Amino acid sequence: MHVSPDPITTREQAAQERETLLDLIARGLYCTTAGALGTDHTEPSAEVLTQGRRVADDYLSAYEEWLVNLAADTAS
């Protein structure tokens with residue numbers, strides 16, 4: 001299946017997409033950890049999601065920095 005999302009054209013849209021990504025990554029981290037530990041996959045608590053979002057934010061920040069550097073290298 002091919003998905004072609006609408007382009008992001010405003011800072012507000014970009015911020016909303018980033019928040020969505022943070023939530024998805026945090027939930028993925030929770031599920032991965034729960035699966036590795038063999039625990040039940042219940043709905044994560046707000047505290048667990050907050051911790052996961054911090055990790056996700058670090059990951060996304062590093063990825064964004066890498067993309068900016070890649071674009072700068074490509075432009076030069």
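None of the values given here were measured: they were computed from a predicted structure.
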By side-chain contact (heavy atoms from CB on, under 4.5 Å), R54 pairs with (sequence neighbours left out) T50, Q51
Closest heavy-atom pair, A56 versus A26, reported as atoms and distance to 0.1 Å, is CB-N, 4.4 Å
**Item:** Co-membership, hydrophobic cluster, residues V68 and Y63, 4.5 Å side-chain
**Value:** no
Rounded to the nearest 0.5 Å, the CG atom of L24 sits from the CD atom of E19 at a distance of 11.5 Å
Grouping ILVMFWY residues whenever side-chain heavy atoms fall under 4.5 Å, the cluster of Y30 otherwise contains V48
Applying side-chain contact (heavy atoms from CB on, under 4.5 Å) to T10 and not counting sequence neighbours gives E12, Q13
The side-chain contact (heavy atoms from CB on, under 4.5 Å) partners of Y59 (sequence neighbours excluded) come to I25
Margin query: Could you go through R53 and D57, starting from their C-alpha distance and side-chain angles, then the distance that decides it, and tell me whether this counts as side chain to side chain contact (heavy atoms under 4.5 Å, CB included)?
Written below: CA-CA 6 Å; R53 286 174 66 87; D57 186 57; over 6 Å; no
E17 meets the side-chain contact (heavy atoms from CB on, under 4.5 Å) criterion, sequence neighbours left out, with I8
* Linking I/L/V/M/F/W/Y whenever their side-chain heavy atoms sit closer than 4.5 Å, directly or via other members, would V55 and L22 fall into one cluster? -> yes
Across all chains, not counting sequence neighbours, the salt bridge (Lys or Arg N to Asp or Glu O under 4.0 Å) partners of R27 are D23, E43
